[in-house]
Amino acid sequence: MLLKSPRNLHYPITVTKFLKKQDDKVERFAPLFSYFYLTTVTEGNEFGEEFQVEKKFPADFQSETEGTLRRWKIEEGATITREGIPLVDIEEECNHEVQWGGMCANCGKNMDEVSFNTTVRDIERATIVRAHGSTALKISEDVAIRAEEEAKRRLLANKKLSLVVDLDQTIIHATVDPTVAEWKKDPDNPNYDAVKDVESFQLLDNGPGGRGCWYYIKLRPGLRQFLQRISRIYELHIYTMGTRAYAQNIAKIVDPQRKIFGDRILSRDESGSLTVKTLHRIFPVDTKMVVIIDDRGDVWSWSHNLVKVTPYDFFVGIGDINSSFLPKRQDIISQEPPPRKATKSEPPSPAVDKAEIVSADAAAGASPSRDSQSLPSLQIPPPKANGESTSLEEQLMAMSGGDNPKLLKEQTDEQNETIATQMEDKPLLRRQEILDKVDEAAADKEYNGELSEDSDAHKQRHNLLHDDDDELKYLEANLRHVHGTFYDEYERTVTGAQGGRIAQLRGGKSPKKRLADDLDVVPDIGQIMPAMKRSVLKGISIVFSGVVPLGTNIQASEYAVWAKSFGAQISEQLTKRTTHVVAARNRRTQKVRQASRHRHIKIVTLDWLKECFVKWVRVDEGPHLIHVEPDEQGHQGSQGSPLDELEEGPVLSSSEEDGATADTDTDELGEGEESAAEDEELGAVMPTSPVEDQQVVGLSAEDRDDVYDELKEFMGTDDSESDTDGSQTDGSVRSTASKASGRKKRKRNVESAESSEADDSDASAAGEGATKVGGGSKLQRRKKRAFERVTSLANVSTAGQSSGLPSPDTTGPEEGRGDEEEGVEEEQLDALEAELLAEFEKDEAEE
């Protein structure tokens, strides 16, 4: 132990004599050297006068520990002016580097003892908790370094890495709903095949009122084979927010022989935190060879060592059984599951009203998504905007809640309430009853003759649970890729450090490998894996629509941080750089309608992004594209888009975008109301097309749609009429245009009609038969509708000058208008017509 000058001496001090020599035995409190110090004191004489005098005071420096004096760090006569100067090195019989419960594990000394000359408490010599199963065992930093170096050499020798595995919704899914046990005993139940391999165990000390409960565990498909294969190249550790008893019972199920995980199990009882996970709890010194798999990225502060997996939701609507001990998420909107393709033995899934499921969950006391509940009082540090993980200091500060008894009680009560709700209200049974009602309704329709005779919707009950997850197949491939990349880099580095072929040519043989030196060139997973992932979505710019709740910081939301870890750029508004709009499946938001006018922007569901995350490749967008009908694109979809006016500068910040809606409660809005709110918000910040600028002020989006539909019907410019009967539509357009304008308008409409008739005749001559069926080719119909919109634009513009709504007066002859005003309008229409002709000529040339 190196003794240093303490802070309680009167500095400066001068060493006068050593009282111990080298290799002398030293007892605790034994004097080591003599010294003196000078200080000023007040003295008085016989006349009562006081004056200041500097005096020298001798003293001895005593040892605070026992052992053998090995070396003096000072010399006799040396002057020491401050604290922290090394004085003497004493070799102790016990360094107290391993402690258990406040006692030295080697000598049994009480580590809490202190004395007047104690500078370092013995308990502070061992502060690192490295053991998985206990927080009572603590070691010093030197011991931790030696232990991790030994572990790294063992892994390098076996060509392995370390893998930290989460349990709930990562490799298993758990519930306490007793409905599962009933279904396992009933072969006639439609869910029997899915639950027949569900494992179960009972915990007597868990559950409401301490009565205990049964847990039903579904393993992710292919889990046992996955663990057996991956354990050949990884050393596996369990890290869960469940109790230790819970984790041990699951380990018995997935690893009954204890060959995969052994005793490497870390639960919330030993984690040291109630809200976050950190690798430094298991690997306090070095995390270069560690990979994490977890369904939650936020609890790891999006560590660069993390492979985030898609949550495994086998028991529909149950979520994470231990979610009360994790931060609640508010940055994710519950997405509708993608439609499943029925197998040969399974009828098509019925359309179930979402409101029925929500009401059933409410009646059962269960929540479809616990992630949208209120946040707890203690949270992890928010992830960085660029996806970087927080520092070790920030993680340790967040872990300070591990000993908070109040927070622990709140979370335990919340979990007991969740368990009691599942046990008593049986949410799985209620959801299955909803499916059964749909099947009964389909059977009644078939009985009444409403369904065809070959319909099999009534012949088989639909099952709620489906065992079709294939995540582990791609996860194994990704983990093997990471392992191979790591050891390829390691071999190249080691070969380069030892000279390789050049050393052989110079000296005949390359030097032998030295294990101590190998540790200095070990690559870092925290650098290798992010580089691998960033290439997946590099060059892609994504805009989310209907995926992140309003008022949420989009850049810090889960999908955004996850996408940025794969190299994507996230913007909050459409720009010229936008390549993808990731949107909700059944919603047509303002951003979706705007993006649909540009062919280079792909509008896809969230499933496309998730598939890229799972496979670590940019998958084909085709199966995930969202088709937008022409009437859903907006009424002026062919006349430009807000993107034509956007610049490539920085997009609006989330605070600017959400300023008007930051206080909006998304959960209280219905689907239509939320879309309207988003449309109104985007309309305030996005530029509009030229014709949209002339929309009627003061109307909502739905009312505005109705006005346009009535206007088109009133003026005879309905698209359906244009498509089915081109000649009749042209006649009505010419008649309306002749009444609304003068000689020049009639001339222009006659020319457009002749052009349409010529196009129709050409199409007929080609044998396509398009004139009778659809009014010409697709491009011809598009051109004709565009000219009709030009004529309608004149009427809308005229109507906007008066009352804001079309009327017979404004669509008829406009008597009293000056020639000058009419001439200006004619020039504007001529310019617009010329622009449309140029655009169509360009399209025809390209086709």
Keeping Asp294 on the side-chain end and Arg296 on the backbone end, is there a donor-acceptor pair under 3.5 Å? yes
So does Arg71 have more than 12 non-hydrogen atoms from other groups sitting under 6.0 Å from CZ? no
Would you say that more than 12 heavy atoms from the other residues, nucleotides or ligands in this model lie under 6.0 Å from the CD of Glu75, or not? no
Just wondering, more than 12 heavy atoms not from Asp263 lying within 6.0 Å of its CG? no
Return the orientation label for the Phe18 and Phe33 ring planes: parallel under 30°, perpendicular over 60°, tilted otherwise. perpendicular
Backbone N/O of Trp300 and side chain of Ser303: donor-acceptor pair under 3.5 Å: no
Evaluate whether atom CD of Glu92 has more than 12 neighbouring non-hydrogen atoms of other residues, nucleotides or ligands under 6.0 angstrom away. yes
Among side-chain atoms of Thr243 and Asp269, is any donor-acceptor pair under 3.5 angstrom? no
Below 4.5 Å, heavy atoms only, C-beta onward: do Ser565 and Pro530 meet side chain to side chain? no
Chi angles and distances behind the side-chain contact (heavy atoms from CB on, under 4.5 Å) call for Ile217, Val198: CA-CA 6 Å; Ile217 308 299; Val198 169; 5.6 Å; no
Regarding Thr119 and Glu64, is there a side-chain donor-to-acceptor distance under 3.5 Å anywhere? yes
Quick one: does any side-chain atom of Asp255 pair with a main-chain N or O of Ala251 as donor and acceptor, under 3.5 Å? no
Salt bridge (Lys or Arg N to Asp or Glu O under 4.0 Å), that's the test. Do Arg153 and Glu150 meet it? Break it down for me. CA-CA 5 Å; Arg153 290 191 181 97; Glu150 181 181 351; over 6 Å; no
Are any non-hydrogen side-chain atoms of Asp168 and Tyr246 less than 4.5 angstrom apart? yes
With the side chain counted from C-beta on, respond yes when Leu479 and Val291 share a heavy-atom pair under 4.5 Å apart, and no when they do not. yes
Quick one: pull up CE in Met241 and CZ in Arg268 and give me the separation to the nearest 0.5 Å. 9.0 Å
Atom NZ of Lys73 and atom CG of Leu3: how far apart are they, to the nearest 0.5 Å? 11.0 Å
How many angstroms lie between CD1 in Ile250 and CD1 in Ile238, if you round to the nearest 0.5 Å? 8.0 Å
So does Lys109 have more than 12 non-hydrogen atoms from other groups sitting under 6.0 Å from NZ? yes
Going by side-chain hydrogen bond (donor to acceptor under 3.5 Å, both in side chains), name the pairs with one or both residues in residues 220-231, residues two or more places apart or in two chains. Arg220-Asp469, Arg229-Glu476
Separation of Cys213 SG from Gln202 CD (nearest 0.5 Å): 8.0 Å
Check salt bridge (charged side-chain N to carboxylate O under 4.0 Å, His left out) between Lys288 and all other residues, then give those that pass, not counting sequence neighbours. none
Is the backbone N or O of Val290 less than 3.5 Å from a side-chain atom of Asn305, with the two atoms forming a donor-acceptor pair by type? yes
Does a donor on one side chain and an acceptor on the other come within less than 3.5 Å for Tyr215 and Thr175? no
Can you find a heavy atom in the side chain of Arg82 that is under 4.5 Å from one in the side chain of Arg7? no
Mark yes or no for whether Asp24, through its side chain, and Lys21, through its backbone, hold a donor-acceptor pair below 3.5 Å. yes
Any chance you could measure Leu69, atom CG, to Leu32, atom CG, to the nearest 0.5 Å? 6.5 Å
Would you please test Arg146 and Glu97 for salt bridge (Lys or Arg N to Asp or Glu O under 4.0 Å) and show each step? CA-CA 12 Å; Arg146 293 196 298 269; Glu97 292 183 323; 3.5 Å; yes
Start with the C-alpha distance between Ser267 and Tyr239, add both sets of side-chain angles, then the distance that settles side chain to side chain donor-acceptor pair (under 3.5 Å), and finish with yes or no. CA-CA 6 Å; Ser267 69; Tyr239 196 162; over 6 Å; no
Using a strict threshold of under 4.0 Å (side-chain N to carboxylate O), is an ion pair present between Lys152 and Glu149? no
Regarding Lys25 and Glu91, does a basic nitrogen lie under 4.0 Å from an acidic carboxylate oxygen? no
Going through the checks in order, is the side-chain contact (heavy atoms from CB on, under 4.5 Å) test met by Ser34 and Phe61? CA-CA 6 Å; Ser34 298; Phe61 183 85; over 6 Å; no
Gap between atom CG of Leu227 and atom CD1 of Ile230 - 0.5 Å precision: 9.0 Å
Are the side chain of Asp122 and the backbone of Glu113 linked by a donor-acceptor contact shorter than 3.5 Å? no
Has Arg130 got a side-chain atom pairing as donor or acceptor with Lys138's backbone, closer than 3.5 angstrom? no
Taking Ser5's backbone N and O only, do any of them form a donor-acceptor pair with Glu83's side chain (distance below 3.5 Å, no angle check)? no
Stepwise side-chain contact (heavy atoms from CB on, under 4.5 Å) test for Ile80 and Tyr11: CA-CA 7 Å; Ile80 303 172; Tyr11 295 105; 4.0 Å; yes
Is the closest side-chain heavy-atom distance between Pro221 and Phe314 below 4.5 Å? no
Would you indicate whether the side-chain heavy atoms of Ile265 and Arg244 approach each other to under 4.5 Å? yes
Just wondering, more than 12 heavy atoms not from Lys160 lying within 6.0 Å of its NZ? yes
His132 vs Phe261, ring pair (Phe, Tyr, Trp, His ring centres under 6.0 Å): CA-CA, chis, key distance, verdict: CA-CA 11 Å; His132 290 71; Phe261 294 105; over 10 Å; no
Do Arg281 side-chain atoms and Glu270 backbone N/O form a donor-acceptor pair below 3.5 Å? yes
Kindly say whether Phe315 contributes a backbone atom to a donor-acceptor pair with the side chain of His173 at under 3.5 angstrom? yes
Centre of Trp562's six-membered ring, under 6.0 Å away, within 45 degrees of the axis: is that where NZ or CZ of Lys308 sits? yes
Could you tell me how the ring of Phe486 sits relative to the ring of Tyr490: parallel (under 30°), tilted (30 to 60°) or perpendicular (over 60°)? parallel
